[in-house]
Amino acid sequence: MRKINNFLNRHSAAFMLAPYAILFLLFIVIPVLAAIFLSFTDFNSVQFPSWVGFDNYSQLFTNDSIFMQKVLPNTITFAVFVGVGGYVMAFFLAWCLSQITKGPRTLLAIIIYSPSMTGGVLIQTVWSVIFNGDKAGYLNYILMKMDFIEEPIAWLQSEDYLLVIMIIVSLWSSMGVGFLAMLSGILNVNEELYEAGYIDGIKNRFQEIIYITIPAAKPQMLFGAIMAIVNTFQTGNIGVTLSGSNPTPNSAGQLVVTHIEDYGYLRFEMGYAAAISVVLLVGIYMLSKGTEKALSSKGE
C-alpha cells in the first residue's frame, strides 16, 4: 500500500492531467491526423480510401473555380469585416462601457453579450423575418412604405446582398467572451498608470488608449483576438442558415467552412473535403500565431 501511495504521489500531476490528455488526444490530435491522411486520398466515406497523393490540393488550387473565384474572396471579405472589424468593435464597446457607472455598464454589457448566446435556429428565425423576400418582410415593408423600392427584394437569395447580410448578422452576434474579457481587462487597469501617464505628457484619451490601456490589457486583448478568429470561422455557415441551401445562391455566401460541408456531407467527397479542411487549419494556425506575436509583450 505504501508503494502504491508513493507511486501516486510521484505521478499525481500525470493522473490529474490524464482525463484532459485523453480527451485532447481523442477529439483533437487523432481527428487532425486523420484529416491530414484523408486529404491525400480519394474517399467517399463508404469504400476504403485510395491514395491519390497531392491530387486533391492540385484540384483545389488549379481546377476548383468556385473555391478560387467565390469561396476564397468571400472568406477573406468575411474575415476582415467580422474578424478584424468585430474585434475593433468589441474593444471600442468595451472601452465605452468602462467609462460609465457600474449599474448601466452591467445592463448594457448583458444586452451586447446576449446575441452571442443565440443558436443558429434563433438567428434564422429573427433575421429571416427581417429580410424576408416578400412584402411581409420587415425591411421590404419599411422600404416600400417609404417609396425607396417598388417591389420586394429577395434579400437572402440575392447575390448582391447575401454576403453583406451575413456580415451584419455575424457582427450582431460576435460580442462574446472576447468582448467580456477585454471589458474586464480595461476595468482592471491600474488607475495610477493613467495619473503617471498624464504627468509624463499624455494629453488626450486617444493617447491614453494607445500608450496605457492597450499595453496594460494585452493578455485580455490577445484572448479577444483569438476568440475573434474562432468566432469568424465558427459562424461561417451563417449563409447556409439564412439562405436555406448549400451551396448558397450562386455561391454568393459560400465560405471555406460551407465549402467543406458541401463536398464532405452532400457530395461525399471526403478526401477533397479533408484537403480543404487542412488548408483552413493551416490558415487559422498562421492567423493565431501572427496575432499572438503582434499582441504578446516582449520577453513573453
Side-chain angles (χ1 to χ4, degrees), residues 20 78-127 129-130 138 165-236 238 287-288 290-300:
Y20 171 78
F78 186 83
V80 168
F81 282 97
V82 177
V84 180
Y87 178 72
V88 173
M89 188 168 70
F91 175 79
F92 176 74
L93 290 174
W95 182 84
C96 289
L97 291 183
S98 70
Q99 306 303 305
I100 61 178
T101 55
K102 183 178 180 180
R105 179 174 66 234
T106 302
L107 178 61
L108 290 173
I110 292 173
I111 293 173
I112 294 171
Y113 173 72
S114 295
S116 68
M117 297 186 292
T118 59
V121 175
L122 183 58
I123 289 176
Q124 183 180 23
T125 302
V126 173
W127 290 95
V129 173
I130 296 174
Y138 289 175
I165 294 171
M166 288 168 54
I167 291 171
I168 293 172
V169 175
S170 297
L171 285 174
W172 171 74
S173 60
S174 66
M175 301 297 110
V177 292
F179 157 74
L180 295 180
M182 285 190 277
L183 176 59
S184 175
I186 294 171
L187 290 174
N188 284 283
V189 175
N190 193 335
E191 291 293 333
E192 294 179 358
L193 293 176
Y194 294 113
E195 297 173 4
Y198 279 99
I199 293 174
D200 288 340
I202 287 180
K203 299 178 180 179
N204 52 56
R205 285 296 180 90
F206 180 76
Q207 291 180 337
E208 177 185 292
I209 292 171
I210 297 299
Y211 294 112
I212 298 177
T213 305
I214 292 178
K218 265 191 175 181
Q220 292 80 10
M221 296 285 292
L222 176 59
F223 177 78
I226 299 300
M227 293 307 300
I229 295 173
V230 172
N231 177 73
T232 299
F233 293 99
Q234 189 177 29
T235 59
I238 189 68
L287 282 173
S288 300
T291 303
E292 184 179 355
K293 186 175 181 181
L295 292 178
S296 295
S297 301
K298 292 182 179 180
E300 292 184 351

Roughly how far, to the nearest 0.5 Å, is [atom2] of [Y] from [atom1] of [X]?
X      : Y      : atom1 : atom2 : answer
Ile112 : Arg105 : CD1   : CZ    : 12.0 Å
Ile199 : Glu192 : CD1   : CD    : 10.5 Å
Lys218 : Met221 : NZ    : CE    : 9.5 Å
Met182 : Ile214 : CE    : CD1   : 10.0 Å
Ser173 : Ile238 : OG    : CD1   : 6.5 Å
Leu187 : Gln220 : CG    : CD    : 10.0 Å

Looking at [X] and [Y], what are the two nearest heavy atoms and their distance?
X      : Y      : value
Leu222 : Thr291 : CD1-O, 4.0 Å
Thr213 : Val189 : O-CG2, 4.4 Å
Leu183 : Leu97  : CD1-CB, 4.0 Å
Met175 : Leu93  : SD-CD1, 3.9 Å
Ile202 : Ile212 : CD1-CD1, 3.5 Å
Lys203 : Gln207 : N-OE1, 2.8 Å

Between [X] and [Y], is any pair of side-chain heavy atoms under 4.5 Å apart?
X      : Y      : result
Trp127 : Ile165 : no
Tyr198 : Glu208 : yes
Tyr211 : Asp200 : no

Has the side chain of [X] got a donor or acceptor atom that lies under 3.5 Å from a matching backbone atom of [Y]?
X      : Y      : value
Asn188 : Ser184 : yes
Thr232 : Ala228 : yes
Ser116 : Tyr113 : yes

Exercise: do Ser174 and Tyr87 side chains pair donor with acceptor under 3.5 Å = no
key: Other residues, nucleotides, ligands: >12 heavy atoms within 6.0 Å of Tyr194 OH   =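 Counting other residues, nucleotides and ligands, OH of Tyr194 exceeds 12 neighbours.
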request  = Using a cut-off of 6.0 Å, state whether more than 12 heavy atoms not belonging to Gln99 lie near its atom CD.
outcome  =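 Count over threshold, so yes.
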